Amino acid sequence: MAEYEACILGLNLAVDMNIQKLLVIGDSDLLVHQVQGEWVTKNTKILPYLYHVQDMMMRFTKIEFRHVPRIQNEFTDALATLSSMIQHPDMNFIDPIPVRIHNHPAYYAHVEEKADGNL
């Protein structure tokens, strides 16, 4: 359900921004295949989410869903979990999350030289 909620929030934002063509990249294999109609859902709790996403898809001239394995998309998974936990007073508004992209890794190794010249 968290994956569907994150997807719906993203689709709402795209609709609010008047975006007509959209590529949705997700790490939930289940969500992507269900939305595309390739897999059926037996979980009745997920059906309202699925129907809502399918209704929202009609608002775009072109929308495509692609699956990216979760191991390659950990950042998106974290954002999806966070978005499902945030309660917004106005469901059409999403507080922006500042994201900075660095050209170098956020970790490094620091090795100091000992007085005798050995590391």
Side-chain angles (χ1 to χ4, degrees):
M1 284 187 266
E3 298 284 348
Y4 271 99
E5 289 175 5
C7 180
I8 290 167
L9 285 172
L11 292 176
N12 280 335
L13 182 61
V15 167
D16 290 345
M17 295 173 64
N18 201 26
I19 293 172
Q20 298 299 310
K21 296 179 181 179
L22 185 65
L23 171 61
V24 180
I25 300 173
D27 61 9
S28 173
D29 201 27
L30 184 69
L31 182 144
V32 170
H33 288 288
Q34 285 176 344
V35 167
Q36 292 176 335
E38 297 169 353
W39 294 355
V40 295
T41 179
K42 296 177 184 175
N43 186 342
T44 57
K45 292 180 181 179
I46 292 180
L47 282 175
Y49 292 99
L50 174 61
Y51 296 149
H52 187 71
V53 169
Q54 289 173 336
D55 286 341
M56 292 190 74
M57 289 170 61
M58 299 301 173
R59 297 183 182 187
F60 300 93
T61 58
K62 181 179 179 186
I63 185 167
E64 181 181 344
F65 285 79
R66 285 193 196 156
H67 175 254
V68 174
R70 185 162 291 170
I71 194 72
Q72 298 173 2
N73 211 7
E74 293 172 350
F75 185 67
T76 302
D77 188 47
L79 288 176
T81 302
L82 283 173
S83 69
S84 69
M85 297 167 45
I86 298 171
Q87 296 295 322
H88 296 286
D90 178 5
M91 294 308 289
N92 290 327
F93 180 78
I94 300 173
D95 292 324
I97 299 173
V99 177
R100 292 187 300 173
I101 299 174
H102 298 278
N103 293 330
H104 303 286
Y107 58 89
Y108 67 96
H110 180 76
V111 180
E112 292 185 18
E113 186 176 350
K114 292 184 180 179
D116 63 359
N118 295 325
L119 298 178

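The basis for the numbers below is simple: all heavy atoms, side chains too, and nothing from hydrogens, waters or symmetry mates. For reference, positions follow the sequence shown, starting with 1. Being a predicted model, the structure only gives us computed values, none of them experimental.
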Any non-hydrogen side-chain atom of F60 less than 4.5 Å from a side-chain atom of L11?
yes
Original post:
Got a donor-acceptor contact below 3.5 angstrom from the Q36 side chain to the F65 backbone?
Top reply: yes
Grouping ILVMFWY residues whenever side-chain heavy atoms fall under 4.5 Å, the cluster of W39 otherwise contains L30
Query raised in the report: Going by heavy atoms in the side chains, are V24 and R66 under 4.5 Å from each other?
Result: no
When rounded to the nearest 0.5 Å, the distance separating NZ of K21 from OG1 of T61 is 5.5 Å
NZ of K45 to CE of M1, rounded to nearest 0.5 Å, is 5.5 Å
Scanning both residues in full, the closest heavy-atom pair of R59 with V15 reads NH1-CG1, 3.7 Å
On a heavy-atom basis, the closest approach of Q34 and T41 is NE2-CB, 3.2 Å
Hydrophobic clustering (ILVMFWY, side-chain heavy atoms < 4.5 Å, transitive) - are M58 and I63 grouped together?
no
- Query: Does the pair E64 and L22 meet the rule for a side chain to side chain contact (heavy atoms under 4.5 Å, CB included), with working shown?
  - Reply: CA-CA 6 Å; E64 181 181 344; L22 185 65; over 6 Å; no
V32 and G26 have their tightest heavy-atom pair at CG2-O, 4.4 Å
Closest non-hydrogen atoms of H67 and S28, given as atom of the first, atom of the second and distance, are CD2-C, 3.8 Å
Check whether any side-chain heavy atom of Y4 sits under 4.5 Å from a side-chain heavy atom of V35, and report yes or no. yes
Here the gap from I8 atom CD1 to L13 atom CG, rounded to the nearest 0.5 Å, amounts to 14.0 Å
